[in-house]
Asker: 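One structure follows; several queries about it will come next.
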Amino acid sequence: MSYLQELGNCIVGILSGIYLLEHDLLTASLQNSESCVGLFPNAGNLETESECAERVNQFISLLGEYAMQKGRSWPLVCLVGPMLAKSFPLMRSHDSPSCVKILSVAVSVFGSRKIVQQLLVQHNLSSCSHSTDGGDKEIEADLFMQMFKESIVPWCLRGNSCSLSARLDMLLALLDDEYFSEQWDTVIRYATNLEHSGSATSSLDSDRITILAMLLEKARDKIANRKEGNVSMGNPDHWHHELLESAAVAVACSPPAFGTSNSQFVCTVVGGSTKNNQTSFVSRDALVLIFEEVFKKLLSFILASSFTWVRNAGPLLSPNLLTAGANNIGPEFESSVTMFEMAQFALEVLDGTLFSLKTLGEESGLVSVILSAIFLIDWEFLVLVTIRDDAPDDESKEKLKSRLVFSELFHAFRCKISNQFWKSLSLHNRQALGSSLIQCMRSAIFNEDKLDTEKFTSLCCLWMLEVLDCLSQDQYEEQNLLDQLLCQGERWPLWIVPDFSSPEGLVAKNFSADVHDFGHRKFVSFIVKIISELGIDRVVAGYVKHSLPPSQETANEKHTRSWLAAEILCTWKWPGGCAVASFLPSLSAYAKSRNYSSQESLLDFVFNILLDGALIHGGCGAHNFVYLGPASSEEVEDIEEPFLRALVAFILTLFKDNIWGTEKAMMLFDLLVNKIYVGEAINTNCLRILPLIVNVLIRPLSQRSIRSHDSSRDTQPDSSGENHVPDIIAGWLQKAISFPPLITWQTGQDMEDWFQLVISCYPFSTLGGLQTPTLERNISSGESTLLLELFRKQRGPGTSTVINQLPVVQTLLSRLIVVSVGYCWKEFDEDDWEFVLYQLRRWIQSAVVMMEEIAENVNDTITSSFTSHNLDSILNKLGTILYISDPFPIDIAKNALLSFSLSCGPFGLRQAEDADNINPLRMERWDPIKDRILEGILRLFFCTGIAEAIASSCCDEAASLISLSRFEHSHFWELVASSVVNSSTNARDRAVKSVEFWGLSKGPISSLYAILFSSKTVPLLQFAAYSIISSEPVLHLAIVEDKTYLDGVTNSEEDSSPHDMSTETSIHLKEEISCMIEKLPHKVLEMDLVAEQRVHVFLAWSLLLSHLWSLPSSSPERERLVQYIQDSADSVILDCLFQHIPLELGMAHVIKKKDIELPAGIAEAAAAATRAITTGSLLFSVQSLWPVEPVKMASLSGAMFGLMLRILPAYVRQWFSDLRDRSTLAGIESFTRAWCSPPLITNELSLIKKNDLADEHFSISVSKSANEVVATYTKDETGMDLVIHLPSSYPLRPVDVDCMRSLGISEVKQRKWLMSMSSFVRNQNGALAEAIKIWKSNFDKEFEGVEECPICYSVIHTTNHGLPRLPCRTCKHKFHSACLYKWFSTSHKSTCPLCQSPF
């Protein structure tokens, strides 16, 4: 017990004793005391005042405890009552919270009626007689209520001052449980002032609203802390009042004239700001009216949106909820400012009443529509964020900005709502909310056409995922929401009608709607995005993790959404994706991840739906020719009929990914075969679609026959199993043979369909790249005989047979030739080959004529009319020229190229294997024909290159048009490139000469470079261009601009003319590569590692190195090219190479002694460097370059570095010695020492040993173990042994030359010979053997009396290997032309270095 409490108890005890001895004395003394206001000496000091009031309150509490314990009335009657009565007028005027609190404490201690009684007694308001201690009687009810109404309530609800909170607490303390209803009625009537007014807006001002809100909030706390026995005040329903409800509804309906006061008042009345604060002061009917007004305000904001999809969603939320209708919101919403204020009011109300909204239940429907509106405004905000910078003008931007700022408030509110709240909603409300949101979402996707499709569908996907996360408590509810999303509508689905009454639950749709409906494709894009997020199992398969009761399992299986997969496949393309690139890979991954039983029914259902649709509609589309090789996505896309296209892509993916195997292929094959005939009649639609499907099925079916053929060629297949497929194919062959030859083409006989079916049974496997296609089936001799018979029936009696020129006839014949050459070539006779080669040459020549015409038209357009002012006109003309209205010549030539590739494959590469077979094509008579065909193919290749080269002289856009046109027939150009790479030297030479004679503005070399450096081209074409440029007879024409400079010095013994002094000016590279070699490497350093221009620079250097490798080691041609590289080619290219080679990984690997596998990048570079050093070729690395990837660039870089080390060692050494970064130096040396130096040293020593350098004066010995060469030179009783030691990091580090023994040679001459050998081996850009040979020749000349050059002190020049031939007219000394040129350049004068006479 504290000191103050002890003191208070003592005082109470003293006062009690006085009262017991002489109570009149106590009464008289207290009546003369001051009021409680006088107890506060420093009333202006709030802190002191509060402390004094607290002591008074403690004393009153002690008196109350005493009165209750002892049953005494004197503390109230003689002490507290008189004090409060005397203080009451001062309390009302003083506005002191502390004074008011004293009154409140007294009421709580002694009771409201007793305190009011004392106030009345002291003011003589009662005519009743009272005992001196106040007696035990209570004042009459009317007097109590009179004072409460006339005095207490007006004072407590008066003005917003500092004592307001204390007065409201006192007012609530004065509420008596017995008179509660009457008291509360008095309070509400006075607070609302509605008893004489019918309008809240005319009677409630801001202060009244604020005071009433504060009172209600305190009342809510009083209810929450209610005590037992407070029957009236403890029941929230007893606090309801009609006037309060009327005021709340009126405020909700009126414009927000008082800022946030209105919303705070409504929130206080309604309650529900938190889960534990759901006490409401209004009835349910009033709540409905209030939330209806809130929804109206939200709806007004929604209908004012600039987005059509948002406005359209407004009526969808609840079309029948509002009496006035969604389009009659009222005139108060006409102003945008008012509209924003109303929406903000609604937001503030919702923020403070959210949990009360949930209590409305299901009947009104308000819960779902209001929450839907919140979602909708939040979604609009997310869209506004993505497009805020795309507004067309400042006014639109300002409108978007203002709406964005306000919508952000809704977004923050929406994010604040926890998932627990959504999950706590009733099932009915969650279902209604989900239904509303999904309707809005579907409407938005189908109808919004102004927003970026990809961004908008991505946002919609996020919204749907949010809806599923918030509203589904289990997987069954999730599936229900997905069912609503995917339910049938006017524009969805387009291809399939879900009908679960059918056996498989689905039927194909007899569509008459617009198949190009953009809204439908947007919706598919949206669905595919959802699938990518949730997975096939949840969206398409309708997978539910927890098993259903046994009675429902069957029903669940029937409701898998296989129709959805079929719908997506039939749609094929949508914004941002397509079936091949996105959906089929997802479906395949799902099938691989599930067990057989869980995915098989889904896949089977999808197949059956697509097959039914193809059978219904397949006969309506145009014919589609079957694929001879594995179908590409472009070829599948060419199928016009949606169901057939989807079906082919579907089964192609499943078999390619090994989800379905041979057994499944057999089942499907039998199923389709049984559908060909309906009774005795042929099912035309089935026959029409069968070739494309069989073309896919025959490949897995063929795997069994190939395996059995490989395991045992003598084993006969089982007639009941494996043999019935060949029997069926044999029957189809016989049916095709029964038709007249193609030259007598007649329609209406299903002839084309049967031929297509036969051709589909003989597939080829394209291994990719430059390899010849291989057969995918092993056929019996009987089947081969039937196929050959069908082919010869079309051939007729001889090659002179007139061929029907109808495109369909030509196409069928060309495809039949392909399969016949592939599968029956061993049975071909001379007439067969003559017919085949004649047709191939004719078809290829037709494509050549077309491409030459295009090239000539491009040339005429560019050369005759191009100016900078008519560029657009030129581009339009080029577009017209390049447009191939009839692709038939290309298509037919494509088949011819495939046939030619097959004919060259078996009879070129396989001749050794089939030596016993007498092959008619081995006869020399066919070689000229094949070369002529190859020449035509090369002309095709040169035509497209020349067209691009001519167009590039105009502008890059024109060249791009040419290169892009090739992508329309990429497979054709790949076949062309494959034949070009494998063409003979004779065919290339003839093609180059014929193009040169053509007389266009660009020649064959320019055409090759145009293809090689094209920005958009077929990769195989680029390699073909590189292959031709890097090989003879083109290589010697393609690098150097003018070769005449090489003819000037054909004999090193001839005198040099004065213009030979500068080797730098005597050579020029082709303009297509000179800039890349000389200037671009510095720019390349800053480029991306796979940048197009970087790749072009690497290719240009590869060609230069290949050309240098091809030149004879001692030829002047090579020496001048080396000199050009040293003087003009920027060595920064070496820095570029090592941007691709991860040196740090290489060093780490070397340190670990190669006990781990090489990391990616360094492994490829190391292997390529070693191979390039060994073979002297870069072709292998360039061939694998496309598509360009970092690892492939690392391989090319390693190969280039390796070849440069071999053919330009001095050039690389000089670059290496100029490097300053130690870590880079160490990394490069480590890489070279580990993977380049060993093969280089081995090669150098082998070349020295192989070269016959020894004679009577010179001998040489090689020590491979010591990496040393000992050269001995003896003459005229003099001799010298020089030791050349190759360092471990050769050639980065120079060789060491030392003298082991000398005989009869002065020290000066010994030092001179030693320096001479060192100079030759260190400056040699080539083999070390060549340097030793030149050194030997140098001293042979010296002993022969040839004078040495006074500048370099050598007879033979160390670089160009020339003799001193330029004499000084005065002193007669002769100089090397290169030495003299360098002397003139560095000394800046043209005088003799010895006598200083003018030279």
Side-chain angles (χ1 to χ4, degrees), residues 628-629 764-774 814-815 817-819 821-822 825 833 836-852 855 889-911 921 926-946 966 969-995 1004 1007-1008 1011-1012 1017-1034 1179 1182-1183 1186:
L628 298 172
F764 296 90
S765 174
T766 303
L767 301 179
L770 304 173
Q771 300 185 20
T772 303
T774 57
S814 66
R815 289 172 176 265
I817 287 178
V818 172
V819 299
V821 169
W825 64 273
W833 283 117
V836 167
L837 295 179
Y838 170 79
Q839 296 299 333
L840 299 187
R841 185 178 179 186
R842 184 171 66 88
W843 288 327
I844 291 173
Q845 190 59 35
S846 65
V848 171
V849 171
M850 184 178 70
M851 297 308 299
E852 287 181 343
I890 297 290
D891 295 335
I892 206 76
K894 182 165 59 177
N895 296 332
L897 289 167
L898 183 57
S899 295
F900 185 72
S901 177
L902 287 167
S903 65
C904 292
F907 315 118
L909 301 177
R910 298 182 188 170
Q911 284 184 12
L921 268 192
W926 301 118
D927 291 337
I929 297 177
K930 290 199 291 183
D931 279 347
R932 288 291 184 184
I933 294 176
L934 279 172
E935 183 183 345
I937 297 172
L938 283 161
R939 284 184 68 83
L940 280 172
F941 183 73
F942 282 117
C943 280
T944 187
I946 286 176
R966 291 193 282 260
H969 307 282
S970 58
H971 188 211
F972 167 77
W973 289 112
E974 286 175 352
L975 290 170
V976 169
S978 178
S979 296
V980 166
V981 172
N982 297 316
S983 60
S984 63
T985 302
N986 184 46
R988 294 182 183 185
D989 188 50
R990 291 171 62 92
V992 168
K993 290 178 179 178
S994 66
V995 172
S1007 72
L1008 292 171
I1011 295 174
L1012 181 62
T1017 190
V1018 180
L1020 202 55
L1021 277 178
Q1022 285 185 287
F1023 175 70
Y1026 181 90
S1027 176
I1028 294 181
I1029 296 175
S1030 62
S1031 60
E1032 297 300 339
V1034 178
L1179 195 64
V1182 176
Q1183 180 177 349
W1186 291 279

Asker: Answer yes or no: is there a side-chain heavy-atom contact under 4.5 Å between Gln845 and Val849?
Answerer: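 Contact flag for Gln845/Val849 side chains = yes.
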Asker: Please report the closest heavy-atom contact between Val1018 and Glu974, naming both atoms and the distance.
Answerer: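 Smallest interatomic distance, heavy atoms only, reads CG1-CG, 3.5 Å.
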Asker: Using a 3.5 Å distance criterion without hydrogens, assess whether the side chain of Ser901 forms a donor-acceptor pair with backbone atoms of Leu897.
Answerer: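 Between the backbone of Leu897 and the side chain of Ser901 there is no qualifying donor-acceptor contact (under 3.5 Å).
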Asker: Just to verify, what does Arg841 make a salt bridge (Lys or Arg N to Asp or Glu O under 4.0 Å) with, not counting sequence neighbours?
Answerer: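 Listed in chain order: nothing, the list is empty.
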Asker: Determine whether Thr944 and Trp973 make a side-chain contact, defined as any pair of heavy atoms from C-beta on separated by less than 4.5 Å.
Answerer: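 When only atoms from C-beta onward are counted, Trp973 and Thr944 do touch, with a gap below 4.5 Å.
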Asker: Working to the nearest 0.5 Å, report the span between CZ of Arg815 and NZ of Lys894.
Answerer: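 NZ of Lys894 is found 7.5 Å from CZ of Arg815.
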Asker: Do Pro1033 and Arg988 have side-chain heavy atoms sitting under 4.5 Å apart?
Answerer: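 Of all side-chain heavy-atom pairs linking Arg988 with Pro1033, at least one is under 4.5 Å.
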Asker: Between Ser978 and Asn982, is there a side-chain heavy-atom distance shorter than 4.5 Å?
Answerer: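 Result yes, sub-4.5 Å side-chain heavy-atom pair found.
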Asker: So, for Glu1032 and Thr985, which heavy atoms are closest and what is the spacing to 0.1 Å?
Answerer: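 Heavy atoms of Glu1032 and Thr985 come nearest at O-CG2, 4.0 Å.
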Asker: Suppose we screen for side chain to side chain contact (heavy atoms under 4.5 Å, CB included). Which residues come up paired with Ala1024, at least two apart in sequence or across chains?
Answerer: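 Side chain to side chain contact (heavy atoms under 4.5 Å, CB included) check on Ala1024 returns Phe941, Ala977, Val980, Val981.
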Asker: What's the shortest heavy-atom distance between Gly936 and Val848, and which atoms?
Answerer: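 For Gly936 versus Val848, the nearest heavy atoms are O-CG2, 3.3 Å.
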Asker: Roughly how far, to the nearest 0.5 Å, is OG of Ser903 from CH2 of Trp825?
Answerer: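 Going from the CH2 atom of Trp825 to the OG atom of Ser903 covers 11.0 Å.
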Asker: Would you name the heavy atoms of Ala855 and Cys943 that are closest together and state the gap between them?
Answerer: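 Heavy atoms of Ala855 and Cys943 come nearest at CB-O, 3.9 Å.
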Asker: Measure across Ser1031 and Ser1027 and return the closest heavy-atom pair with its distance rounded to 0.1 Å.
Answerer: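 That closest heavy-atom pairing would be OG-O, 2.8 Å.
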Asker: Within the 4.5 Å heavy-atom criterion, are Ile890 and Met850 side-chain neighbours or not?
Answerer: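 Of all side-chain heavy-atom pairs linking Met850 with Ile890, at least one is under 4.5 Å.
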Asker: Check Asp931 against Ala987 and note the closest heavy-atom contact, atom names and distance.
Answerer: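 Looking at all heavy atoms of both residues, the shortest contact is O-CB, 4.0 Å.
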